[in-house]
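In what follows, a single structure is set out as structure tokens and then discussed.
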Protein chains: 2
Amino acid sequence: MALDTTDLTTETLCRYMLERQRGTIIVQKQDVALRKLNVIIAAALELSNSKGFQAMSLRDLSRETGLSMGGLYAYFDSKTTLLNMILMEVTEAVKRVLSDPPEEVRQDPAARLDWLIEAHIRMTELMQPWFTFAFMEAKNFPQAERRIAVESEALTESYFVAAIEDGIARGVFRPDVPALLPALIKPLLQEWYVKRAKYKRRDVSMEAYIATVQDIVRRICLPQADPIPHGR
Amino acid sequence: MALDTTDLTTETLCRYMLERQRGTIIVQKQDVALRKLNVIIAAALELSNSKGFQAMSLRDLSRETGLSMGGLYAYFDSKTTLLNMILMEVTEAVKRVLSDPPEEVRQDPAARLDWLIEAHIRMTELMQPWFTFAFMEAKNFPQAERRIAVESEALTESYFVAAIEDGIARGVFRPDVPALLPALIKPLLQEWYVKRAKYKRRDVSMEAYIATVQDIVRRICLPQADPIPHGR
DNA sequence: ACGTATCGAGCGAACGCTCGCTCGAAAAAA
DNA sequence: TTTTTTCGAGCGAGCGTTCGCTCGATACGT
């Protein structure tokens, strides 16, 4: 599981963001800008995820970051821009991570599926506030932003489509794998970060969750190995 | 599939609501109250689901219903109460529908699971705006209301837990059915009404969706029958 | 049948407040 | 001094909520 965890910290993501948003971020000094951007984004994610983006006022954000109202506007030119900045980093991160599976996994469809599932869940765990934000807020986005979210989701699904089709073509997977399966894996992956509190309460570890989803998908795709003998 | 569809129309749900909220609804005349409540709830669901409950102002609602600001307050005493009224009808409807499976299904665990899946999806289809509201808005509810939503979800899950445990106890299901499976069925059911637009676009009928979820769950629970022989 | 009293659904201006956002000035850095 | 960064009072719009009021329908006394 070679997932570059340092690449998904809020700090690193803010570095990407700063670079990408040179146009809108007024502050010139790199180190100052990066430090404050970090504080702003972290606070924005926390406030947003606890009360909703739209219910988070910029005064809340000002209080939480220690920056003044005007100070905040050196980092974005509108509240919607702030939303876009966060969204963009999430979708870019998904592309970065899921688009290149490790070499050893490409020849084995089952392993490739396992890897996709594990990588996706581990990524959402590392970037949990980001994904919660992107997922929870997506419904109320302006149309343009919602299309981005939909397309990003379609991209994720396409990775699963490819892996499953490959498995069937190689004769490793059952030929009657449901056509809807790739679409249905997505909500299983989202469940982990959306209902995180619930699984924490039940002492379900991320590893156990990953293993279960992998197990379920394997049971659906593979001709049954029936690993544990059972009576009757 | 004996699902009483007339019981789940907005009109009928408003009748229940009117009865339950006698305390808060000021309007005395039954028929007037019922007619207007219908208009108010329908508009509230539509506005809420397109821009979010928070973002729906009572002025929006006033414009959409043709009632004045003051007029609206004859039907609820605060915006939060309006939210609660809708939430409550959803959770009560779930109880009504899922708590009594038809007799012929109780002795057959696989059929019982199939029934639960079909009943739940058909119900969410009939009450789509209600479920979208309850699910999408739940994240940003005040704490008390969020607890109701969480408990309602736990209740739904418990129906699946019971059915699966019964199947294992009877030796019909594999003993190694993942413990998390009941929790993971829920997001598969939600997927249908949350991403409704996506499946419409892809020409996936509700029947096909139901059949797929049933198929998937069966593959996970049953010792593999391997109905279609497949090559290698 | 007719006039009068009563009812109550509905109205909408107004209140206190918070919102996203601006901008001139102070502070800090260079 | 000049440039860059930060500040925070203030703007107009819009929020949820209230309340004195209207006015057609109904009930009742004669």
Side-chain angles (χ1 to χ4, degrees), chain A residues 14 18 21-41 43-44 47-48 50-86 137 140-142 145, chain B residues 14 17-18 21-41 43-44 47-48 50-86 137 140-142 144-145:
Chain A
C14 284
L18 182 56
Q21 308 291 337
R22 268 283 153 62
T24 42
I25 296 179
I26 295 302
V27 179
Q28 308 284 330
K29 287 170 72 178
Q30 270 269 31
D31 57 330
V32 175
L34 185 56
R35 209 172 56 246
K36 301 243 165 135
L37 188 60
N38 232 298
V39 173
I40 292 171
I41 297 300
L47 284 168
S48 243
S50 72
K51 43 160 69 179
F53 179 74
Q54 130 103 338
M56 171 194 78
S57 74
L58 294 186
R59 283 171 182 80
D60 290 337
L61 193 57
S62 161
R63 197 179 319 110
E64 210 66 22
T65 56
L67 278 168
S68 66
M69 293 294 287
L72 289 177
Y73 272 82
Y75 294 85
F76 47 80
D77 52 25
S78 78
K79 203 186 172 192
T80 304
T81 299
L82 173 60
L83 185 155
N84 273 319
M85 286 163 57
I86 298 176
E137 299 305 329
N140 306 330
F141 287 164
E145 280 74 19
Chain B
C14 284
M17 187 184 285
L18 183 56
Q21 309 290 338
R22 270 280 157 63
T24 41
I25 297 179
I26 295 302
V27 179
Q28 311 280 331
K29 289 170 72 176
Q30 271 269 29
D31 57 332
V32 176
L34 185 56
R35 207 173 57 246
K36 302 251 163 129
L37 188 60
N38 232 299
V39 174
I40 292 171
I41 297 301
L47 284 169
S48 244
S50 71
K51 43 159 68 182
F53 181 75
Q54 268 270 18
M56 171 193 77
S57 75
L58 293 186
R59 281 168 184 81
D60 290 337
L61 192 57
S62 161
R63 196 178 320 111
E64 210 67 23
T65 57
L67 277 167
S68 66
M69 295 295 291
L72 288 177
Y73 273 81
Y75 294 86
F76 47 80
D77 53 26
S78 75
K79 202 187 173 192
T80 304
T81 299
L82 174 61
L83 184 156
N84 274 317
M85 287 163 58
I86 298 176
E137 298 305 327
N140 309 330
F141 288 163
E145 282 71 22

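In what follows, chains are A, B, ... by sequence order, proteins preceding strands, each numbered from 1. Keep in mind that this is a model prediction, so the values were computed, not measured.
Every residue two or more places apart in sequence or in another chain that forms a side-chain hydrogen bond (donor to acceptor under 3.5 Å, both in side chains) with B:S78 is listed here: B:T81. Residues meeting the side-chain hydrogen bond (donor to acceptor under 3.5 Å, both in side chains) test with B:E137, sequence neighbours left out: none. With sequence neighbours excluded, no residue satisfies ring pair (Phe, Tyr, Trp, His ring centres under 6.0 Å) with B:Y75. Residues that satisfy the side-chain hydrogen bond (donor to acceptor under 3.5 Å, both in side chains) test with B:Q21, not counting sequence neighbours, are B:T24.
With respect to A:K79, the side chain to side chain contact (heavy atoms under 4.5 Å, CB included) criterion is satisfied by exactly one of A:L61, A:L58, A:L72, A:N84: A:L58.
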| field | Residues A:M85, A:I40; criterion side-chain contact (heavy atoms from CB on, under 4.5 Å); working and verdict | value | CA-CA 12 Å; A:M85 286 163 57; A:I40 292 171; over 6 Å; no
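Among the heavy atoms of the strands, none lies under 4.0 Å from A:F76.
Applying the salt bridge (charged side-chain N to carboxylate O under 4.0 Å, His left out) rule to pairs touching residues 50-61 of chain A yields A:K51-A:D60, A:D60-A:R63, sequence neighbours excluded.
Residues from residues 53-67 of chain A lying near DNA chain C, meaning a heavy-atom separation below 4.0 Å, are A:M56, A:S57, A:L58, A:R59 in numerical order. Near DNA chain C, defined here as any heavy-atom distance below 4.0 Å, the residues from residues 28-39 of chain B are B:Q28, B:K29, B:V32, B:K36, listed numerically.
Put simply, chain B comes within 4.0 Å of DNA chain C, heavy atom to any atom, from C:dA9 to C:dA14, going 5' to 3'.
The line from OG of B:S62 to CE of B:M69 is 6.5 Å long, rounded to the nearest 0.5 Å.
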Can I get a per-line list of side-chain donor-acceptor pairs under 3.5 Å for residues 27-39 of chain B, giving both atom names and the distance, sequence neighbours left out?
residue	atom	partner	partner atom	Å
B:Q28	NE2	B:I26	O	3.2

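Between A:S68 and D:dC7, a side-chain N or O to OP1/OP2 separation shorter than 4.0 Å is present.
The minimum heavy-atom distance linking A:A55 with B:Q54 is given by the pair CB-NE2, 3.3 Å.
Annotation: of the two residues near DNA chain D, B:D77 and A:G70, the 5′-most nearest-nucleotide partner is A:G70.
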